[in-house]
Each structure stands twice: as structure tokens, then as C-alpha cells.
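What follows is a short report on a single structure.
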Amino acid sequence: MIRLTHRVAGDEVPIFYPETDADLSGFRDFLDRNAGQVVAFDTETTGLHIYGAAFGVRLAQFGSCEEAWVIRVDRFAATIRETLAHPGRQWVAHNAPYDLLAVDRVGLAPFAELGPRMFDTYILAHLADPRMESEGGTGLGLKPLSAVYVDPEAEDTAKGLYAVFRSEYKATKETGWALIDIDHPLYIRYAGLDVIYTARLLRELGILIKGNGLSKLAHFEHRVQLITTSMQRRGMRVDVDYTRQLVAELAAEEQQYKAVAARFGVENVNSTRQVTAALQGMGEQWSTKTATGNLSVGKDVLLGMADLDHQWTRNNRRDPNLVADAVVRAKRASKWSTSYAQAFLDRRDDDDRIHPSIKSLAARTARMSVSDPPLQQLPSGDWKIRRGIIADEGMTIWSVDYSQVEMKVIAALSGDPNMLRAVASGEDLHTFTAKLVMGPRWATMTDTEKAKARKLFKGVGFGKVYGGGAAGLARQTGITYEEAKAATDAYDAAFPGIKAYGRRLQRQAQFGKFEVVTPFGRHLPLDRDRMYAATNYVVQSTARDLLAKALVDLDNQGLSDHLLLPVHDEILGQAPVADANEFAHEVRRVMESTFQGVAITADAEVYGSNWGMGYGAAA
DNA sequence: AGGCTCGGCCAC
DNA sequence: AAACGTGGCCGAGCCT
């Protein structure tokens with residue numbers, strides 16, 4: 001038995017590392033002593049990609065506030081399995097989905113059995129303060145949280161190890177986890193410390209959450225997380241042949257346009273300096289700046305010079321600049337390949353499935369995020385990337401999305417009579433707005449003028465949800481500031497309650513804590529210099545919580561086995577071909593609800609055998 | 001070489 | 001008076 005000690009918040013705590021079967025008796029005593037307690041759990045693995053080749057769990061750690069047990073998986077797998085299987089036992093981990101899926105993947109504990117008995121200190125921390133360190137919050141990592149809630153001197157559990165990876169193993173942050181000697185003292189120490197910190201975090205955050213009346217929300221979030229983690233475990237199938245072909249096509253496109261750019265002296269299309277120089281050399285003049293004040297050569301600038309609109313069709317307003325055209329096309333092809341298509345291929349498991357990492361509670365507003373690969377942000381104006389994701393054998397992909405959910409939430413919360421009428425009317429919201437603003441003039445307008453007005457007020461509505469103003473609207477849409485100002489003023493006059501609601505939120509924050517409290521009871525801190533974001537925070541967060549609640553409802557109805565991915569206001573899933581339509585509509589019925597008297601409606605659509613079919617792809 | 005910020009770009 | 005929200009992730013370029 002190796003025994004290390006460490007100081008945590010002034011206490012000397014032991015870290016035990018059993019080497020023989022006989023050493024395990026102390027571990028059993030530890031478990032008996034903590035029979036009625038929630039015990040902290042953590043794993044050390046070979047790398048971050050749970051579903052990648054050669055993934056392994058090397059250590060399993062168990063701990064209380066007073067001690068840690070670091071158990072080798074290669075020697076004591078049976079004991080770990082038996083320990084985790086104990087039905088009455090409750091556990092806590094920091095970022096539980098990772099450890100749950102890791103032990104599930106290697107057969108140490110089935111997700112369905114361990115998942116419901118696992119608490120997550122990440123969830124509690126997010127409810128206490130959702131901000132990252134860079135935003136003035138505590139941060140949501142184990143280390144920064146421990147420094148705030150447990151011990152200001154808390155060791156960074158990773159930084160020291162990275163130094164060892166580099167100096168002793170010539171390895172990186174990524175590769176060192178698989179290479180470091182399993183009994184390296186620093187590895188054991190850090191493995192053990194993590195569970196002690198986690199146990200103490202649970203104690204501190206538990207008191208805080210209970211004291212602030214957030215226990216119900218915490219329970220809800222654990223339910224939601226279980227459902228999204230189950231989706232991650234299920235994953236989605238990749239059409240490998242199609243995606244390989246797509247990667248090849250994108251590579252050819254990229255090369256073709258890079259060659260054009262090179263003819264004009266742009267050797268590297270990703271170099272903003274080269275692109276700027278080339279365009280200036282051709283006599284182009286523009287004034288759009290980046291955040292740091294440099295001339296911007298982003299998509300908006302380049303598309304304009306290439307005489308293309310946002311749908312990449314010709315404006316016929318000027319001669320297209322061939323460099324701008326080539327650069328913007330080469331960059332798009334490269335982005336689509338590396339971030340999406342190639343990522344599908346690189347991240348797939350042995351069964352050609354990808355398992356995107358789903359954070360059920362991510363943004364300050366509690367919005368979810370998806371990464372590895374980032375499936376919430378695949379191009380939607382073109383079906384080519386989404387075509388690479390296919391339904392399981394005999395299944396059809398469907399989607400149910402809330403219609404205008406943020407506008408319905410803002411209508412309910414502000415109580416603005418016109419907005420309430422608008423969402424109740426069932427009429428297209430932007431047309432309704434345009435009509436309301438135009439008054440009697442609407443009847444005299446041509447269809448083209450009506451469409452233009454609708455588009456304008458669609459932009460205004462989006463801007464309002466984001467807390468934007470006339471200047472932003474002008475920038476987004478290309479109209480003059482005066483036109484934009486007139487439109488936003490008209491909007492405010494049409495829906496005075498929305499503006500008043502924003503002011504009310506800010507006033508309350510000004511004289512209380514700098515936060516908004518959402519209808520679901522979530523406390524969202526505001527930045528003092530961006531108080532105008534208050535409305536957006538409440539609306540975005542409430543819309544997220546409506547979707548999260550829908551996930552729980554679907555789970556309660558036994559429908560969650562067919563869910564694939566949450567996308568903010570949409571749930572993607574699959575169902576057997578024969579009853580996909582019926583299934584999607586059942587999902588729609590469960591998702592639909594009433595929020596403070598306002599009907600929250602959803603639309604169901606059956607796509608077909610691949611995701612792209614919802615976006616124009618053939619079967 | 002790895003880590004970091006910035007500019008850029010994809011989504012809702 | 002005005003105020004454009006939330007993410008993931010890539011390559012370039014700079015720093016250590």
C-alpha cells in the first residue's frame with residue numbers, strides 16, 4: 001500500500017493506493033464507514049475521447065471529505081465493478097457525464113444503473129453562479145471551484161501533471177494521460193485530491209443550493225443531464241462513404257479557389273494580412289473594422305466585394321472581385337471539411353457512430369452546448385454536411401421544433417397586448433408586425449413592398465431579442481442608420497410593453513443584486529456594463545428551460561430512447577420507418593405546452609434516412 | 001512545440 | 001442615449 005498525505009483547507013488528508021488484494025480491506029472499511037454518505041467518484045483515463053480507439057480507464061478514485069482511495073483498474077476491476085454496482089449507494093462526480101460514460105464504455109458500470117445514482121457538482125456550481133472566470137464568476141472547473149469553496153490554496157490538479165508529461169514523457173497535455181507511469185506519485189496524488197475536493201465541494205455547494213431554494217432546480221438538472229448523456233451514449237451514425245466523398249469534393253474546391261487566390265498573390269487565404277494587402281492593392285476601399293480596430297476581411301466584407309448576397313447569389317451591383325470571391329469560397333470549403341465532414345470521420349467509433357459531447361447546462365443562460373463535433377452549428381443553408389448523418393437501420397430521422405418560442409416567451413413575460421395578440425393570432429409574426437406598424441398604408445402596398453417590410457421587421461424582432469438597437473440593425477441589414485432608427489422606433493411604439501419589461505428588469509437589478517431571476521427560478525448575473533442584456537438572458541434562458549422540461553416530459557412518456565440531439569429550440573430524433581410520422585407527432589404533443597397563458601406550439605417534420613433530407617437532400 | 005489570443009465563421 | 005444575446009472551433013501569429 002502506498003499512502004500519501006496532503007493538506008486540504010488545513011486538514012491533513014490521506015490518499016491510499018492499494019497494491020495487493022490484502023490492501024483492499026482498508027478500502028472496504030472506508031466504504032462501510034461511509035455507507036450512508038454520498039461518496040465522491042472520479043476516473044483517470046487514457047485520453048479524452050471516450051469512444052475513440054484504445055480508450056481505457058486506468059484509475060478509479062473514491063473519496064470523502066477526509067480521505068481518498070485511488071484504485072488501479074488493471075488489478076482491481078472486479079472490486080470497482082462490485083463497488084459501483086451496490087444499489088443503495090449514491091455518488092458524486094464533477095462533470096459526471098464524462099466518468100459515467102467512461103466506466104460504461106469499458107464495462108465497469110452500466111450507464112443505466114449508475115447514472116441515476118450520481119450527483120454532479122458541476123450542476124450545483126452552475127446554479128450557484130453560471131459565469132466563467134473570465135466573466136467574473138467562480139468558473140466551473142474543479143480547480144477554480146475548489147479554490148473558492150474549499151481551499152484557496154487548492155492544487156491545480158492538471159497543471160503540474162502537464163509539466164511532468166512534457167519533461168518526463170516528452171508528451172503533451174493530450175497524450176500524457178496514457179503514458180504516465182500508473183504509480184507516478186504525482187499522478188496518484190492528483191487523482192486522489194480530485195475526489196477529496198469533489199466531496200468537499202458537494203458539502204459546501206449543497207448547503208448553498210439548499211439555502212437559496214434551488215434544490216428542485218438541481219434535481220431537474222440532474223434529470224435533464226441524464227437524458228442528454230444517454231443521447232451522447234447512443235450517438236449518431238455516419239455515412240462514411242458519403243462523407244469521405246464529400247471531404248474529397250471540398251478539398252478539390254478548396255484547392256481550386258486557393259489557386260485563384262495565389263495567382264493574385266494571396267499564398268494563404270487564412271492570413272488576414274495577405275488578404276487585406278491584396279484587396280488594397282487592387283484598389284478596394286472599405287471601412288468595416290474588427291474588435292481591435294483593424295480592417296476586417298470577414299465574410300460580410302468579402303461577399304460584398306464578390307458581388308454576392310448572403311445566399312451566395314449575384315447582386316449584379318458591381319464587378320465581382322475575383323480575390324474576394326476565391327478567398328471566401330476557399331475558406332468555406334476548408335471550414336466545412338475540417339470542422340464538420342472530416343470531424344465526423346475522425347471522431348467516429350468502431351461502429352461508425354459519433355458521440356457528440358452534450359453539455360446540458362452550459363451557457364450563462366443555461367443553454368446547452370454540443371461539441372466534438374459541434375452538431376448544433378452545422379450549415380443549414382445547404383444539405384451537404386448534414387447528409388453525412390444517417391438514421392439507424394430501419395429508422396427515419398424526424399425533427400420537432402418550437403415555433404417562435406422566444407417571441408412567445410417575451411410576449412408572456414412582458415404582457416404586451418399587441419405581442420400577445422400577435423402570437424395568439426397564429427399569423428406569421430413578422431407580417432403581423434409589419435401590418436401593425438404600417439397601419440392603413442399596408443393595404444396600399446405591393447407584394448414586393450410587403451415582403452420587404454416583413455424582412456425588415458424580422459430583423460428588428462431579432463435585434464430586440466438580443467438587446468440590439470438601430471446601429472446594429474443598420475450594420476446587420478445594410479440599411480441606413482436613419483431607416484433603422486425609424487424601424488426600431490416604430491417597433492417600440494407597436495410593442496411598448498417589451499421595452500417597459502426590459503427597463504423593469506434593469507431597474508430591479510440596479511437596486512438589488514445585479515441579476516435577473518427567471519420564471520424557472522434560475523439566478524442569472526448581469527454585467528454592469530451590459531445591463532441591456534437582461535431581457536435576452538431571461539428570454540433565452542426560459543426558452544432553454546422549456547426545451548429541457550420537454551426532454552424530461554418525453555422521458556416520462558417513455559419516448560426518450562429515440563432522441564438524438566437537442567438544438568436549442570428543436571429536438572432531433574429517429575423512429576422506425578413505419579410509424580415515424582406518428583412518433584414525431586407524439587413528440588410534438590408532449591413538447592407543446594402553455595407558458596403563462598401563452599400557447600407554446602411546435603412543428604413536427606419527418607426527414608428521411610439522413611439528416612440532410614430536412615434541408616433539401618435527396619433520399 | 002505548446003499555449004494563448006485574435007479574427008473569423010458555423011448555429012439558434 | 002444607446003446598447004446585438006449564447007455557444008464551438010479553426011488557423012494565424014505571437015509568446016514562453
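Each chain gets a letter, A, B and so on, in the order its sequence line appears, and its residues count up from 1.
Atom P of nucleotide C:dT6 and atom CZ of A:R530 are separated by 5 Å, given to the nearest angstrom. Atom CG in A:D527 sits about 8 Å away from atom P in C:dT6, given to the nearest Å. Taking atom NE2 of A:H310 as the reference point, atom C1' of B:dC10 lies 13 Å away to the nearest angstrom. Atom CG of A:D372 is separated from atom C1' of C:dC9 by 9 Å (rounded to the nearest Å). The distance from atom CG of A:N270 to atom C1' of B:dC6 is 13 Å, rounded to the nearest whole Å. Spacing between atom CD1 of A:I358 and atom C1' of C:dG8 amounts to 14 Å, rounded to whole angstrom units. Distance CD (A:Q377) to P (C:dG5): 18 Å, rounded to an integer number of Å. A straight line from CD of A:Q540 to P of B:dA11 spans 17 Å, rounded to a whole angstrom.
Nearest heavy-atom pair across A:P566 and A:T228 is CG-CG2, 4.5 Å.
The listed nucleotides are C:dA12, C:dC9, B:dG8; the one nearest the side chain of A:T272 is B:dG8. Taking every side-chain heavy atom of A:Y537 into account, C:dT6 is the closest of C:dC4, C:dT6, C:dA2. Nearest to the side chain of A:P379, among B:dC9, C:dC4, B:dA11, sits B:dA11.
Judged by a 6.0 Å distance limit and a 45° cone about the ring axis, A:R528 is positioned over the six-membered ring of A:F514.
At a threshold of 4.0 angstrom between heavy atoms, the contacts of A:V297 are confined to the sugar-phosphate backbone, with no base atom among them. A:V465 comes within contact range of no nucleotide atom at all, as no heavy-atom separation falls under 4.0 Å. Using a 4.0 Å heavy-atom criterion, one finds that A:G463 contacts no nucleic acid atom at all.
DNA chain C is contacted by both A:G472 and A:S334; A:G472 maps to the nucleotide lying nearer its 5′ end (nearest heavy atom per residue). For the pair A:K359 and A:R367, nearest-nucleotide mapping onto DNA chain C gives the more 5' position to A:R367.
Between A:D545 and A:K549 there is no salt bridge, since none of the side-chain N atoms of the basic residue sits less than 4.0 Å from a carboxylate O of the acidic one.
The ring of A:Y466 lies on top of the base of C:dG5, close enough and flat enough: under 5.5 Å between centres, under 30° between planes.
Comparing B:dC12 with C:dC4, their P atoms sit 22 Å apart, to the nearest whole Å.
Of the side-chain N and O atoms in A:S380, one or more sit less than 4.0 angstrom from OP1 or OP2 of B:dC12. Between A:S271 and the phosphate of C:dG13, there is a side-chain N or O to OP1/OP2 separation shorter than 4.0 Å. Dashed line: the shortest gap from a side-chain N or O of A:K170 to OP1 or OP2 of B:dA1 is not under 4.0 Å.
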Got a list of side-chain donor-acceptor pairs under 3.5 Å for residues 162-171 of chain A, not counting sequence neighbours?
| unit_1 | atom_1 | unit_2 | atom_2 | d |
| --- | --- | --- | --- | --- |
| A:S167 | OG | A:A163 | O | 3.0 |
| A:E168 | OE1 | A:H184 | NE2 | 3.1 |
| A:Y169 | OH | A:D181 | N | 3.0 |

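For the 3.5 Å distance criterion, the side chains of A:R522 and A:Y537 fail to qualify, holding no donor opposite an acceptor. Between the side chains of A:T431 and A:D428, a donor-acceptor pair is found at a separation under 3.5 Å. There is a side-chain donor-acceptor pair under 3.5 Å between A:K408 and A:T601. A:Q506 and A:Q510 share no side-chain donor-acceptor pair at under 3.5 Å.
Between the side chain of A:K335 and the base of C:dC10, no donor-acceptor pair of N or O atoms lies under 3.5 Å.
Considering only heavy atoms from C-beta on, A:I354 stays 4.5 Å or farther from A:Y51 through its side chain.
A ring-centre distance under 6.0 Å is not found for A:F344 and A:Y340.
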Measure all distances between protein nitrogen or oxygen atoms and nitrogen or oxygen atoms of nucleotides 14-16 of chain C, and list the pairs falling under 3.5 Å.
none

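A heavy atom lying under 4.0 Å from DNA chain B marks none of the residues of residues 500-514 of chain A.
By the 30° and 60° cut-offs, the orientation of the rings of A:W383 relative to A:Y242 is tilted.
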